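Below is one structure, written out as structure tokens, with a few remarks after it.
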Protein chains: 2
Amino acid sequence: METQNLKKAGLKVTLPRMKILQILEESETRHLTAEAIYRELLDSGEEIGLATVYRVLTQFEAAGLVSRLHFEGNQAVFELDRGGHHDHIICNQCGRVEEFLDETIEQRQRQIAKEHGYRIKDHALVLYGDCLDEDCPRRGN
Amino acid sequence: METQNLKKAGLKVTLPRMKILQILEESETRHLTAEAIYRELLDSGEEIGLATVYRVLTQFEAAGLVSRLHFEGNQAVFELDRGGHHDHIICNQCGRVEEFLDETIEQRQRQIAKEHGYRIKDHALVLYGDCLDEDCPRRGN
DNA sequence: ATAGAAATGAGAATCTTAAGCATCAGGCGG
DNA sequence: CCGCCTGATGCTTAAGATTCTCATTTCTAT
Ligand SMILES: [Mn+2]
Ligand SMILES: [Mn+2]
Ligand SMILES: [Zn+2]
Ligand SMILES: [Zn+2]
């Protein structure tokens, strides 16, 4: 449960932290903005301030519990860190997010970094396109 | 010269536009924030407002003259569009930016998008690491 | 239960970028 | 080459996202 993850991360167990962690765990899309989390808290009747949401998310990030992603658009997106690294595909129309991991790409990245004289630490790869989901507003195109 | 590129892009030839285009063309790093461009203008004695810099850059982007990049950090980065697509490696320490294009990665991206049922339109790939340049503040590590 | 330390909430502050509006200046007809 | 007209600029103010400040509340360890 949330309590354990928080303690494990060396964070004091508080109601806001529990609720936020819970929302991240139970989210359908798994990729949420601070605002979206804040709204969910309000909807579920919790009186938690937006500043706290941002603060807690930043702490979670520092503790390695969540990752902060920068897709196009102005707001950062947060997702629970479930262990493995992955990259993202996003639908320009409906915002659907898919995750993938391609070992060929990962490998090429390391190679390229080496060739350019960099000790690679991290990377961000995001593919943008139109999905073909039936619920997508501009399906087919 | 700048005049031609502006006319070609259907933009009226004005002093701010010429200067900004010139700065982008002559920049050593080739990847500049709006602020950086603004400072260069000030340094060269031009009385051009920051709002104009942002406005012009947005127009340049719409005209396909420049690309707006979103690296980590809060400010957008602009670079002259010199034709070919490429991705970036950035040094976490000194901010040095290198460009690369890897056909294997490009291909895998298209393939992945297809497999996930997306019609890919664009992508952003940025590698972050420490460079081994002698001028890099944390060389070697 | 109590005290001390850490966390929260509300609002102000910051940072980046985008308006709004009065003034100015390229581009074209004369 | 001159003057108009429309679009461009500058300055100021606004907007959106995130962080900071500080008084108050809540954990956690006695
Ligand atoms: Mn993800
Ligand atoms: Mn570039
Ligand atoms: Zn879609
Ligand atoms: Zn470096």
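In what follows, chains carry the letters A, B, and so on, assigned in the order in which the sequence lines appear, proteins first and then strands, with residues in each chain numbered from 1. These numbers come from a predicted model, not from an experiment.
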Can you tell me how far CD1 of A:I105 sits from CD of B:Q111, rounded to the nearest 0.5 angstrom? 10.5 Å

For A:T52, which residues count as a side chain to side chain donor-acceptor pair (under 3.5 Å) partner, sequence neighbours excluded? A:R55

Results of side chain to side chain donor-acceptor pair (under 3.5 Å) for A:E103 - residues two or more places apart only: A:R110

Report all side-chain donor-acceptor pairs from residues 37-47 of chain A shorter than 3.5 Å, counting only partners two or more places apart or in another chain.
| unit_1 | atom_1 | unit_2 | atom_2 | d |
| --- | --- | --- | --- | --- |
| A:S44 | OG | A:E40 | O | 3.2 |
| A:S44 | OG | A:L41 | O | 3.0 |

For a quick test of reading the model, state the closest non-hydrogen atom pair linking B:Y118 to A:G129 and the distance between them. CD2-C, 4.3 Å

Can you measure [X] atom [atom1] to [N] atom [atom2] for me and round it to whole angstrom units?
X	N	atom1	atom2	answer
A:E47	D:dT25	CD	C1'	14 Å
A:L6	C:dA6	CG	C1'	14 Å
A:I20	C:dG9	CD1	C1'	12 Å
B:L32	C:dT17	CG	C1'	17 Å
A:I48	C:dA10	CD1	C1'	14 Å
A:R39	D:dA17	CZ	C1'	14 Å
B:L50	D:dC11	CG	P	11 Å
A:E2	D:dC27	CD	P	15 Å

Who are the ring-ring contact (aromatic ring centres under 6.0 Å, His included) partners of A:H116, not counting sequence neighbours? none

Please list, for nucleotides 23-30 of chain C, all pairs of protein and nucleotide N/O atoms separated by less than 3.5 Å.
| unit_1 | atom_1 | unit_2 | atom_2 | d |
| --- | --- | --- | --- | --- |
| C:dG26 | O3' | B:V13 | O | 3.2 |
| C:dG27 | OP1 | B:V13 | N | 3.3 |

Any residue in residues 53-78 of chain A with a heavy atom nearer than 4.0 angstrom to DNA chain C? Just list them by number, or reply none. A:R55, A:V56

Residue list, salt bridge (charged side-chain N to carboxylate O under 4.0 Å, His left out) with [X], at least two apart or on another chain:
X	answer
A:E99	A:R30
A:R82	none
B:D87	none

Do any side-chain atoms of residues 62-76 of chain A form donor-acceptor pairs under 3.5 angstrom with protein atoms, and if so which ones, sequence neighbours left out?
| unit_1 | atom_1 | unit_2 | atom_2 | d |
| --- | --- | --- | --- | --- |
| A:R68 | NE | A:E61 | OE1 | 3.0 |
| A:R68 | NH2 | A:T58 | OG1 | 3.1 |
| A:R68 | NH2 | A:E61 | OE1 | 3.1 |

Residue whose closest nucleotide on DNA chain C lies nearer the 5' end, A:R17 versus B:E35: A:R17

Please round to 10 degrees the angle between the axis of the first five pairs and the axis of the last five pairs in the helix from C:dA1-D:dT30 to C:dG30-D:dC1. 30°

Return a table of donor-acceptor pairs under 3.5 angstrom between the side chains of residues 6-19 of chain A and protein atoms on other chains or two or more places apart.
| unit_1 | atom_1 | unit_2 | atom_2 | d |
| --- | --- | --- | --- | --- |
| A:T14 | OG1 | A:R17 | N | 3.4 |
| A:R17 | NH1 | A:K12 | O | 2.9 |
| A:R17 | NH2 | A:Q59 | OE1 | 3.2 |

